[in-house]
Amino acid sequence: MAHWLMKSEPSSWSWTQMVEAGKKGTHWNGVRNHQAKQNLMAMKVGEQAFFYHSNEDRAVIGIVEIIKPYYPDPSDATGKFGMVDVRAVKPLKKPVTLVEVKAEPKLANMALVKLSRLSVQPVTEAEWALICRMGGV
DNA sequence: GCCAACGTTGGC
DNA sequence: GCCAACGTTGGC
């Protein structure tokens, strides 16, 4: 089962809002990047993703689950891009910051570090397990 | 708030 | 089809 990492600026959509959305979850819309789109399309229901706060926090803060696979994003006038639905699973006991990720040699090749502008990224099993451990999950 | 990285757009 | 200009993202 694949794992993912999805980034959001807390000012536009925060973990708190994600939790408040509850079990019905929310649409992960607004993706306008082809690489991110490819990743969205590869997601399957039941797969989990890290929820990362960019800008202010710069930390992995929680885990979300895919509850609806890729479908067209009505807010995209061009019709090229789509979205998935996700819901909050659980927060990390201790958020794993970008600084900590960068300080860990095993995570040096993460897309989060290498492709900092990509908003939806794949995470390897080793990276997933390590960040879960660092986050106290 | 600045700037580097990167994607997209548009003129040629 | 190339490439300069521009806009956006996100770390610092």
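The basis for the numbers below is simple: all heavy atoms, side chains too, and nothing from hydrogens, waters or symmetry mates. Quick caveat: nothing in here was measured; it's all calculated off a predicted structure.
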Do A:His3 and A:Glu125 have side-chain N/O donor and acceptor atoms under 3.5 Å apart? yes
Decide whether A:Glu100 and A:Thr97 meet the rule of one side-chain donor and one side-chain acceptor closer than 3.5 Å. yes
When the distance from [atom1] of [X] to [atom2] of [N] is rounded to whole Å, what number comes out?
X: A:Asn33; N: B:dT9; atom1: CG; atom2: P; value: 12 Å
X: A:Lys114; N: C:dG11; atom1: NZ; atom2: C1'; value: 16 Å
X: A:Trp13; N: C:dT9; atom1: CH2; atom2: C1'; value: 21 Å
X: A:Glu9; N: C:dC12; atom1: CD; atom2: P; value: 15 Å
X: A:Leu118; N: C:dT8; atom1: CG; atom2: P; value: 18 Å
X: A:Asp57; N: C:dG11; atom1: CG; atom2: P; value: 11 Å
X: A:Arg117; N: C:dC12; atom1: CZ; atom2: P; value: 15 Å
X: A:Glu56; N: C:dG10; atom1: CD; atom2: P; value: 12 Å

Using a 4.0 Å heavy-atom cut-off, does A:Leu115 contact any base of the nucleic acid, only the sugar-phosphate backbone, or nothing at all? nothing
Regarding A:Lys102, tell me which of base, sugar-phosphate or nothing describes its non-hydrogen contacts under 4.0 Å with the strands shown. sugar-phosphate
Can you run down the ring-ring contact (aromatic ring centres under 6.0 Å, His included) pairs that involve residues 64-120 of chain A, sequence neighbours left out, and say none if there aren't any? A:His34-A:Phe81
Side chain to side chain contact (heavy atoms under 4.5 Å, CB included) between A:Leu107 and A:Met134: does it pass, once the steps are laid out? CA-CA 12 Å; A:Leu107 299 176; A:Met134 289 163 76; 4.0 Å; yes
Any A:Lys7 side-chain N or O less than 4.0 Å from OP1/OP2 of C:dG10: yes
Kindly say if A:Tyr52 contacts the phosphate of C:dT9, meaning a side-chain N or O under 4.0 Å from OP1 or OP2. no
Can you sort out the partners of A:Phe50 under ring-ring contact (aromatic ring centres under 6.0 Å, His included), two or more places apart, ordered by chain and number? A:Trp128
Short heteroatom pairs, N/O only, protein and nucleotides 1-3 of chain B, under 3.5 Å:
none

Do A:Arg32 side-chain and C:dT8 base share a donor-acceptor contact under 3.5 Å? no
Exercise: identify the closest heavy-atom pair between A:Val84 and A:Pro69: CG1-C, 4.0 Å
Centroid-centroid under 6.0 Å between A:Tyr52 and A:Trp15 rings: no
